[in-house]
Student: 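Below is the structure I would like to discuss, written out as structure tokens.
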Number of protein chains: 2
Amino acid sequence: MLPEKRVNISQVAALAGVSKQTVSRVVNASPNVAKETRERVMQAIAQLGFRPSATARNLSQGRSYTLAVVGSNLGFLATDLYQGAAAQAEDMGYGLLLRTLADSSVEQVEALLLSLLDLQVDGVLWAIPDVGGNRAWLDSGLLSRIPLPVVFMSSEPRDGTVTVSFDNFDGARIATQHLIDSGHTCIAHLSGPLDWWVARERVRGWRAALTAAALPVDDGLIVEGDWSPAAGEQAMGRLLDTRRDIDAVFVANDRMALGALLAAHRRGVQVPQQLAVIGFDNIIESACFHPPLTTVLQDKRHHGEIAIATLAREVEVRLSGKPLAPRSTEELGHSLIVRESSGQV
Amino acid sequence: MLPEKRVNISQVAALAGVSKQTVSRVVNASPNVAKETRERVMQAIAQLGFRPSATARNLSQGRSYTLAVVGSNLGFLATDLYQGAAAQAEDMGYGLLLRTLADSSVEQVEALLLSLLDLQVDGVLWAIPDVGGNRAWLDSGLLSRIPLPVVFMSSEPRDGTVTVSFDNFDGARIATQHLIDSGHTCIAHLSGPLDWWVARERVRGWRAALTAAALPVDDGLIVEGDWSPAAGEQAMGRLLDTRRDIDAVFVANDRMALGALLAAHRRGVQVPQQLAVIGFDNIIESACFHPPLTTVLQDKRHHGEIAIATLAREVEVRLSGKPLAPRSTEELGHSLIVRESSGQV
DNA sequence: TTACAACTTGTTACCGGTAACAATCTATTA
DNA sequence: TAATAGATTGTTACCGGTAACAAGTTGTAA
């Protein structure tokens with residue numbers, strides 16, 4: 001039965017013949033309520049169809065049980081990540097508020113955080129990737145002036161921040177190592193834009209694997225793209241046209257790898273016979289590339305879940321009054337998905 | 001200057017020597033405040049760093065200036081759509097709350113809507129695609145018992161609902177017509193799961209185009225997939241192995257089209273010379289398929305924007321007390337992106 | 001001069017909960 | 001038997017705004 005107008009706690013109290021506070025205790029499962037009283041109140045609640053107002057609770061408790069996710073228009077956030085974040089938040093009793101930020105200037109970031117504070121949001125998940133100077137606002141000390149826990153995703157760890165990121169260095173190392181293990185010796189790299197932290201990490205992983213195998217690390221083997229398939233095609237084309245010696249390529253994401261495959265086809269270069277290709281991300285399409293792409297799996301859904309769980313923990317720590325750890329980093333691992341494009345030599 | 005503790009409206013009032021109400025008027029830009037009073041209040045606001053509590057306003061106004069987006073784990077919602085929705089909501093002064101729903105039973109849906117009501121959410125964007133019986137809860141009359149405007153995305157229009165959808169019928173017609181115009185006469189269709197409304201609409205569009213061109217409409221030319229690349233490969237394989245007469249195929253989404261291309265490659269079937277392929281969606285990858293895929297563009301970002309704008313309008317109509325239109329539908333158009341895969345005969 | 005409208009500001013009550021503390025009652029212990 | 005702890009319930013104040021109405025001031029028209 002849905003009543004015409006919302007029933008409030010006082011009406012329930014009146015019907016049950018108790019005070020508002022007792023009803024509140026029953027609603028919040030406080031142990032200190034006599035069994036019969038509890039039953040009487042619960043019956044009144046059921047009879048009236050009472051549902052407590054989250055808004056009123058927010059006001060009186062000074063918190064909203066809501067976490068904000070801040071994204072950008074960089075097109076970085078996978079749907080999976082949102083799904084994981086939303087599911088985890090719901091599991092833990094939080095709602096998820098979506099915000100976007102166009103420009104990471106100190107003023108804009110401050111305006112955003114203040115507006116979240118106005119909403120009594122409990123914490124913030126910073127889901128904008130670490131690109132160029134878009135973390136510069138951290139140097140302003142804004143974060144310590146604003147009493148709001150923030151967890152950063154895909155960010156270089158820094159003092160005073162909590163981050164949850166994939167270990168892109170290791171993922172790239174694994175990818176490159178796989179090419180080395182398959183017998184390739186001249187391994188190029190199509191990187192993402194080098195102002196992206198994750199792109200630099202992947203370059204670093206590629207470099208580390210080559211160095212460890214005593215293979216030449218030639219900067220001429222790196223070509224920078226912008227993550228798009230078109231950029232992958234162009235970069236691979238340039239590489240194939242100028243460096244006839246390469247026999248394998250580690251591409252920093254699957255989308256660019258798709259472009260790379262197209263560039264190879266267009267030039268009659270056989271994959272994997274003449275050129276082995278490995279990607280990164282394991283997007284669903286990669287299983288049906290021509291040929292199916294060997295790649296490195298990033299479980300984005302898991303990333304979203306862990307990030308929210310970490311943030312929720314951070315929220316609780318703050319509420320409990322304990323001092324925050326000055327820095328904390330959570331790193332997620334990868335796994336290799338071997339398909340045809342990296343075929344053995 | 002950020003004060004230690006939040007400043008409230010009474011402190012501002014005291015400093016400016018006016019009543020709370022006058023401060024409230026200034027904050028809300030009410031016209032009935034004398035210029036000097038306004039200035040004095042604004043100065044006090046600036047001096048104290050006062051920011052009104054959104055929570056308190058929510059409680060007293062009975063609304064939250066927040067819209068909820070309800071998604072599912074069907075993996076249907078593109079990032080673009082969220083971006084469009086979030087941007088539009090922010091532009092219009094609303095926040096966006098993300099919720100997921102695992103199961104569309106009447107009980108679950110009721111629980112969800114009631115919990116949104118507890119939060120004083122202003123409206124709901126139903127972003128779960130119309131699949132199987134997952135709109136059956138509408139028949140329970142739940143929607144009319146719950147005073148909350150709901151806008152449905154990608155849904156079959158029904159009485160008592162407001163929908164914002166692409167005109168999938170027309171998009172599919174355009175796609176098929178393009179194959180016909182290119183001189184193809186035996187055009188197959190790889191459809192999405194037929195319990196999806198959008199999949200059925202696309203089948204209908206395909207059928208209509210063939211009928212209009214007086215081409216045979218053979219149910220044996222339809223193979224059903226599950227939107228995934230792997231399903232596309234399998235379905236296309238089955239088709240190629242059994243129907244040597246087809247010379248073109250309209251695939252219901254780009255992902256399956258990718259699988260279809262792989263199936264063709266694997267069988268030595270040349271695209272587009274022996275088989276023309278057209279997809280649907282224009283995912284970014286499709287430009288670098290092998291060959292680049294002709295497809296139909298759906299502007300998901302726009303979809304999100306229009307949906308939120310429609311919902312916001314619906315919210316305002318409710319608040320103004322006017323009766324709601326019993327049904328309203330907004331349809332979004334498509335455009336054709338011609339690339340190599342559909343090459344002229 | 002009076003009356004009335006328009007503008008400006010204040011008063012009071014209320015939105016619907018929770019925190020903090022007080023009060024009452026019962027059972028156990030000294 | 002009195003003191004005290006523990007369980008239960010109520011009282012009061014408060015979270016921070018806004019709605020509705022009242023009241024005072026000023027200017028203009030009758």
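Only a predicted model underlies this, so the values are computations on that prediction, with no experimental measurement involved. Below, read A as the first sequence line, B as the second, and so on, with proteins coming before strands; counting in each chain starts at 1.
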Student: Looking at every strand, decide which applies to Arg51(A) at a 4.0 Å heavy-atom threshold: base, sugar-phosphate, or nothing.
Tutor: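 Sugar-phosphate contact only - Arg51(A) comes under 4.0 Å of backbone atoms but never of a base.
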Student: Salt-bridge test for Glu305(B) and Arg301(B): reply yes if a basic N is under 4.0 Å from a carboxylate O, no otherwise.
Tutor: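 Counted as a salt bridge, because a side-chain N and a carboxylate O are separated by less than 4.0 Å.
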Student: Under 4.0 Å, heavy atoms only, any strand: does Asn32(B) hit a base, just the sugar-phosphate, or nothing?
Tutor: base
Student: Rounded to whole Å, please give me the gap between CG in Asn8(A) and C1' in dT18(C).
Tutor: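 To the nearest whole Å, that distance equals 14 Å.
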Student: Please report, rounded to the nearest Å, how far the C1' atom of dG17(C) is from the CZ atom of Arg6(A).
Tutor: 12 Å
Student: Can you tell me the distance, in whole Å, between the CZ atom of Arg38(B) and the C1' atom of dC7(C)?
Tutor: 13 Å
Student: Does Pro31(A) or Asn28(B) map to a spot on DNA chain D nearer the 5' end, using the closest nucleotide for each?
Tutor: Pro31(A)
Student: Can you list the steps and then say if Phe50(A) with Met42(A) is a side-chain contact (heavy atoms from CB on, under 4.5 Å)?
Tutor: CA-CA 10 Å; Phe50(A) 167 69; Met42(A) 299 225 304; over 6 Å; no
Student: Within this structure, what is the CZ-to-P distance between Arg63(B) and dG16(C), rounded to whole angstrom?
Tutor: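 For the pair Arg63(B) CZ and dG16(C) P, the rounded distance is 16 Å.
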Student: Base, sugar-phosphate, or nothing for Val18(B), non-hydrogen atoms under 4.0 angstrom?
Tutor: sugar-phosphate
Student: Do Glu110(A) and Arg145(A) sit within salt-bridge range, that is, some charged N less than 4.0 Å from a carboxylate O?
Tutor: yes
Student: Is the distance from OP1 or OP2 of dG10(C) to the nearest side-chain N or O of Thr22(B) less than 4.0 Å?
Tutor: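 Yes, because at least one side-chain N or O of Thr22(B) sits under 4.0 Å from OP1 or OP2 of dG10(C).
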Student: Could you go step by step and tell me if Thr100(A) and Gln83(B) meet the side chain to side chain donor-acceptor pair (under 3.5 Å) rule?
Tutor: CA-CA 8 Å; Thr100(A) 63; Gln83(B) 300 249 347; over 6 Å; no
Student: Which listed nucleotide (dG17(C), dG10(D), dT11(C)) is nearest to the side chain of Arg57(A)?
Tutor: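 My answer, after comparing the listed nucleotides, is dG17(C).
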Student: Mind grabbing the angle between the end helix axes of the helix from dT1(C)-dA30(D) to dA30(C)-dT1(D)? Five pairs an end, 10° rounding.
Tutor: 50°
Student: Once hydrogens and angles are ignored, does a donor-acceptor distance under 3.5 Å link the base of dG10(D) to the side chain of Lys20(A)?
Tutor: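 No, the side chain and the base share no sub-3.5 Å donor-acceptor pair.
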Student: Using a 3.5 Å distance criterion without hydrogens, assess whether the side chain of His303(B) forms a donor-acceptor pair with backbone atoms of Val164(B).
Tutor: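 Judged by distance alone, yes, a pair lies under 3.5 Å.
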Student: Measuring to OP1 and OP2 of dT9(D), would you say a side-chain N or O of Thr37(A) lies under 4.0 angstrom away?
Tutor: yes
Student: Can you see whether Glu331(A) engages Ser165(A) through a side-chain donor-acceptor pair at a distance of less than 3.5 angstrom?
Tutor: no
Student: Using a heavy-atom cut-off of under 4.0 Å over every strand shown, decide if Ser19(A) touches base, sugar-phosphate, or nothing.
Tutor: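 Base, at least one base heavy atom under 4.0 Å.
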Student: Can you tell me how far C1' of dC14(D) sits from CD1 of Ile9(B), to the nearest Å?
Tutor: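 Value for this atom pair: 16 Å.
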Student: Just the rounded figure in Å: distance from P of dG17(D) to CG of Asn58(A).
Tutor: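 In whole Å, dG17(D) P lies 15 Å from Asn58(A) CG.
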Student: So, for Gln120(B) and Ser53(A), which heavy atoms are closest and what is the spacing to 0.1 Å?
Tutor: NE2-OG, 4.4 Å
Student: Can you check nucleotides 19-21 of chain D for protein contacts, nitrogen or oxygen pairs under 3.5 Å, and list what you find?
Tutor:
| unit_1 | atom_1 | unit_2 | atom_2 | d |
| --- | --- | --- | --- | --- |
| dA19(D) | N7 | Gln21(B) | NE2 | 3.4 |
| dA19(D) | N6 | Gln21(B) | NE2 | 2.7 |

Student: Do you know which two heavy atoms are closest between Pro52(A) and Val27(A), and how far apart they sit?
Tutor: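 Here Pro52(A) and Val27(A) meet closest at CG-CG1, 3.8 Å.
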Student: Measure from the side-chain heavy atoms of Pro52(A) and tell me the nearest of dT8(C), dG17(C), dC15(C).
Tutor: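 Comparing dT8(C), dG17(C), dC15(C) against the side chain of Pro52(A), the answer is dG17(C).
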Student: Nearest-Å distance, CG (Leu48(B)) to C1' (dG16(D))?
Tutor: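 Distance, rounded to whole Å: 15 Å.
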Student: Carefully, step by step, assess Tyr94(B) and Ile308(B) under the rule side-chain contact (heavy atoms from CB on, under 4.5 Å).
Tutor: CA-CA 10 Å; Tyr94(B) 288 95; Ile308(B) 288 291; 6.0 Å; no
Student: So what does Val27(A) touch, heavy atoms closer than 4.0 Å: a base, only the sugar-phosphate, or nothing?
Tutor: nothing
Student: Please walk me through it: do Asp118(A) and Arg6(B) pass salt bridge (charged side-chain N to carboxylate O under 4.0 Å, His left out)?
Tutor: CA-CA 9 Å; Asp118(A) 298 341; Arg6(B) 272 193 90 85; 2.8 Å; yes
Student: Can you tell me the distance, in whole Å, between the CD atom of Gln120(A) and the C1' atom of dG17(C)?
Tutor: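 It is 14 Å, rounded to the nearest whole Å.
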